[in-house]
Amino acid sequence: MTPTLWKKTWHDLRAAWAQNVALMVIVALGVISLVALTGAYRDLGTSYHHTYDTLHFADLTVRVQSTPADVAAEVAQVEGVRAVTARLVMDTGYLLPNGEPIRARLIGLPAAHQPAVNQVHLLEGHDLSPDDPHGVLVESHFAEVYGLHPGDTVTPIILGRKQTFTVRGIAASPEYLIVSPSRQDLLPSARSFGVFFLPLKTLQRLAKASGQVNEFCLLLAPRANRQAVLQRVEAVLQPYHVDSATWQADQASNAALHMDLEGYREMGESIPALILLVAALSLYIMLGRLVRSQRTQIGLMKALGYSNRAIMGHYVAQALVVSGVGAVLGAGLGTLAAGGITGAYANELGIPLVQTRVYPDLMLLGLGISLVMAALAAWGPARHSAHMRPAQAMRLDPAEALTRGRRSLLESLLPATTPLAVRLPLRNVFRVRGRAFGTALSVVFAFVLVLFSWGMLDSMGYMLNDVFNRVEQWDLMTVFGRPQTEEALKPVAQWEGVKEIVPAVLLPATVKANGRRKDVLLYALPPQQTMHRWQLEDGITPEEALRDGGILLTPPLAQALGLKVGDPVQVQTPFGEKRAVVRALADEIYGSTAFVSLQTAQQWAGAPVPVFNMLYVRADPARVQALKKALFHLPGAASVQIRSVTVREWRGFMNLFYLFMGFIIAFAVGMAFAVLFNTMTVSVLERQRELATMRALGAPVSLIGRMIALESVVLWLLALVPGLLLGWYTTVALAKSFSTDLFWMTAYIAPRSYIITAVGILLTMLLAARPAIHRIGRLNLAEATKMLT
Amino acid sequence: MSPLIALQGVTKTYRLGEVEVHALRGINLEVPRGQFVVLLGPSGSGKTTTLNLLGGLDRPTSGQVLVDGEDIARYDDRRLTDYRARKVGFVFQFFNLIPTLTAAENIAFALELTTRDRAAVRQRTAELLALVGLEDRADHFPSQLSGGEQQRVAIARALASRPSILLADEPTGNLDVETGRQVLRALSDLNRQEGVTVVLVTHNTAIAPMADRVVRLHSGTVASDHMNPAPQEPESLNW
Ligand SMILES: Nc1ncnc2c1ncn2[C@@H]1O[C@H](COP(=O)(O)OP(=O)(O)OP(=O)(O)O)[C@@H](O)[C@H]1O
Ligand SMILES: [Mg+2]
């Protein structure tokens with residue numbers, strides 16, 4: 001390219017600055033969304049690993065029965081063990097100030113110094129101190145729920161007696177980034193489970209276990225053979241009865257965190273990429289239009305003797321400048337934004353030590369896609385024009401050179417008396433072959449971006465409200481730690497406020513089929529009960545679904561195991577391996593659930609009298625709290641859930657989802673708006689001369705505005721059906737990808753959301769055309785009617 | 001009888017940053033009804049500027065633009081739009097037809113700006129197409145018409161609302177001689193037969209002999225103003 005051509009490149013960029021800035025905004029938004037959203041998602045992983053490293057999160061945790069603390073020295077000697085901390089851990093109860101019992105875990109730690117393994121991160125107050133035997137640290141999630149601060153008192157129950165401690169500090173623990181008592185617990189809940197760290201000596205004394213510990217937390221040497229180390233450790237601890245050995249991957253909080261982040265993978269990686277893709281495609285469509293409208297200029301340049309290569313270079317350079325500036329801006333702003341978004345995510349997840357990084361690969365990806373799209377967009381039309389004979393390219397009216405007038409198909413549907421002010425907009429939509437498609441595609445993108453945002457929110461609401469409330473019809477649910485006979489449970493039915501009880505069985509089980517296996521919670525219920533109302537496929541009754549050895553699975557479970565109705569499965573239960581037949585599928589909020597009839601379970605158990613470990617209670621709402629307390633005091637009761645609290649906990653658990661969606665919606669809606677705005681502006685500005693001519697002929701601006709509005713409506717109608725369909729499919733794909741073993745999400749878009757999306761996009765289009773119409777109103781007609789482009 | 005058009009002390013100054021360009025420096029010109037005026041002058045003398053002011057496409061910096069005794073420079077946008085729709089017809093150098101409308105529809109579009117009577121629109125469109133000799137091109141789109149045909153459609157369009165004034169800026173500037181003559185014939189017929197006042201801007205002096213009156217501009221002022229006692233037919237012109 002010659003210096004003059006570079007100068008022209010610069011001039012052209014400045015002349016069409018409004019369009020160029022708009023294009024830059026689109027590119028920048030796309031790149032920001034990739035760099036910020038994906039970056040923040042990655043930062044989450046980085047941050048929790050960082051937290052684990054810093055706080056020496058255990059590689060292996062071995063639970064034993066009461067063991068002298070000095071055995072730790074022996075464990076430390078085991079080859080492959082890098083560090084060990086011996087602790088006393090006690091699961092117990094806790095009475096809230098209102099008398100409500102919840103679960104608590106007391107962890108006895110050395111008071112003088114941080115433990116070598118599983119350190120805590122002090123967020124507030126002071127560390128444990130040997131001088132303060134009744135000073136405890138409260139795990140941060142629990143402290144947050146109940147507003148606890150240093151100086152407050154807490155009252156866990158130890159060996160049946162309420163003990164009073166003073167809060168010294170609030171601490172985060174790598175073991176409780178997500179607060180979950182065990183992997184068997186469905187929902188993490190800081191509301192009903194508190195973790196307290198206290199001096200080991202104090203706990204030993206109160207638990208009457210002087211000098212004893214029951215848990216060894218180990219860090220392994222970097223390249224140790226894990227299984228061999230475990231065997232050696234178990235050998236050392238053999239005399240003290242090893243209860244369980246848990247690897248880091250299976251640790252409750254860590255496993256939940258992994259599953260959580262896995263569930264957010266699509267939201268963290270695919271959606272930002274989708275937004276960038278929309279930006280790139282819009283850039284392609286709009287830049288292509290801009291270059292095509294330069295055809296006269298191209299003819300002129302050819303006539304002046306510029307080579308095709310120089311001309312194409314000129315336009316490609318313009319396109320690269322626009323998209324390059326947008327992308328670099330986006331990368332910078334995206335990196336800045338990522339920090340804030342990571343902070344918000346980490347705060348919601350309770351990750352104490354946040355680490356943010358710069359991701360050059362994301363920046364390069366954003367920049368690369370933008371540049372390639374821009375180059376392609378400019379190259380095609382520039383090449384096309386450059387290869388025409390100058391005279392042809394230079395037809396003085398570019399609109400005319402470009403536009404072969406023709407009647408549109410749509411128009412033939414109109415009555416013959418339809419005024420031109422109506423016909424013209426219809427024709428204008430289709431005036432250039434391919435462009436109507438491109439423009440409508442931009443509007444389709446907007447539909448998809450807005451609709452899947454609504455769709456994800458709707459789907460979540462649907463699962464949390466509709467499904468949960470339709471399925472779960474009990475008011476209280478008690479799980480027992482040991483089997484109960486019907487005789488023992490019967491009296492509950494007579495309690496004040498109790499309307500109905502249903503004893504049942506809840507078992508951990510593994511369903512196996514086709515060489516695959518899935519851990520599930522297996523409920524055994526009488527088929528005719530109404531506490532848990534299965535959402536069964538059309539016509540099947542619970543009696544049919546559960547008759548002789550029938551098992552009920554959820555659709556995701558059946559899918560994961562490659563099962564369909566009628567298939568046999570193996571079920572591994574605490575009573576051994578059993579056979580069952582899939583008779584039906586049922587929608588459940590918790591995907592890894594299976595059901596058999598109570599009769600089937602009792603047969604499997606083979607006990608002389610039926611036994612139960614779970615009790616559903618339907619009760620007078622006013623009595624629910626009191627009944628919870630009473631149920632908790634039944635012998636062997638391990639936990640009591642109140643339905644309304646459980647649904648609230650689900651919601652709380654989904655806060656991260658809403659946070660993710662919040663950021664996504666901001667970008668998606670912003671992008672939709674930018675695309676619509678650009679589309680409308682370009683399609684008006686492209687025709688400035690034509691519109692100025694109409695005004696010179698005496699057409700009022702209001703008429704021109706109405707014609708453009710009508711054009712928008714036609715465009716909107718074209719995009720409506722494909723837009724809504726694609727939006728729906730996107731929602732389905734996202735809902736599926738968000739579903740995990742823990743939470744199953746069915747795609748659902750409320751009719752209202754379709755309407756709001758459709759109307760919102762139409763209004764946005766009309767609004768987006770306004771500045772351009774306003775500009776037509778202010779055009780200098782003398783100049784605009786002479787303009788070449 | 002008062003003149004149809006009267007420019008009184010009209011100036012137009014363009015401001016380009018720090019620089020002021022005095023396009024018109026005080027034009028005084030009266031055009032009676034029915035006259036065929038050719039505005040001549042070298043490039044940059046202010047011809048187009050003058051025509052734009054007459055057409056209500058632009059406003060003067062000072063002075064009055066009286067049409068039928070009313071100062072259109074004082075019109076607000078709405079009245080100016082109405083003025084353009086009813087009072088004047090504009091013919092552009094580059095035709096400026098709407099590319100997505102056929103020849104007939106381009107004319108009808110202008111008509112529909114002032115009337116809702118469909119039958120009247122159809123009839124008048126046919127009349128105007130006949131007037132410029134393009135009945136058989138009614139359903140052609142601009143891209144299917146020659147330059148001369150496009151310009152004749154543009155003239156027909158300019159006449160749609162039966163304006164009393166027709167303004168044409170270099171209407172033959174983009175046409176060959178033969179086609180140019182056809183366009184000038186159409187303008188001449190309008191002037192003679194329909195009594196439309198025509199102001200034609202050109203730097204092509206060869207066109208001057210067909211006019212009733214030739215006004216020469218120079219540096220934004222009227223340099224000369226001659227009546228032509230014996231206007232010639234367009235066919236006899238050559239350039
Ligand atoms: N929009 C504008 N901004 C600044 N200066 C202008 C503008 N339009 C015209 N001029 C200047 O005003 C003067 C008169 O311009 P005008 O277009 O009326 O000339 P003209 O006689 O029509 O010339 P030509 O024969 O070349 O068309 C010129 O010096 C021109 O540069
Ligand atoms: Mg001029």
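In this text the structure is predicted, and so the values were computed from the model without any measurement. Sequence lines set the chain letters: A, B, ... in the order given, protein chains first and strands last, and positions in each chain run from 1.
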Check whether any side-chain heavy atom of Leu703(A) lies under 4.5 Å from a side-chain heavy atom of Leu113(B), and answer yes or no.
->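 Leu703(A) vs Leu113(B): side chains touch.
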Could you tell me which of [options] has the largest number of non-hydrogen atom pairs under 4.5 Å with chain A?
| options | answer |
| --- | --- |
| Leu51(B), Thr81(B), Thr48(B), Leu80(B) | Thr81(B) |
| Val121(B), Asp58(B), Asp169(B), Ile98(B) | Ile98(B) |
| Arg86(B), Arg157(B), Arg122(B), Arg116(B) | Arg157(B) |
| Arg78(B), Gln93(B), Glu112(B) | Glu112(B) |

Which bit of Leu691(A) comes within less than 4.5 Å of chain B, counting heavy atoms only: side chain, backbone, both or neither?
->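 When you check distances to chain B, no heavy atom of Leu691(A) falls under 4.5 Å.
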So which part of Ala421(A) gets closer than 4.5 Å to some heavy atom of chain B, the side chain, the backbone, both or neither?
->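 Looking at Ala421(A), just its backbone touches chain B.
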What is the minimum heavy-atom distance between Arg84(B) and Arg695(A), and which atoms define it?
->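 Looks like NE-O, 2.8 Å.
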Nearest 0.5 Å please: distance from the CZ atom of Arg118(B) over to the OG1 atom of Thr418(A).
->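 Output value for this atom pair is 8.0 Å.
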Pairwise distance OG1(Thr100(B)) to CZ(Arg423(A)) - rounded to 0.5 angstrom |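 CZ of Arg423(A) is found 12.5 Å from OG1 of Thr100(B).
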Please look at [X] and chain A and tell me whether the side chain, the backbone, both or neither of the residue comes under 4.5 angstrom of a heavy atom of that chain.
| X | result |
| --- | --- |
| Thr102(B) | both |
| Asp82(B) | neither |
| Phe92(B) | side chain |

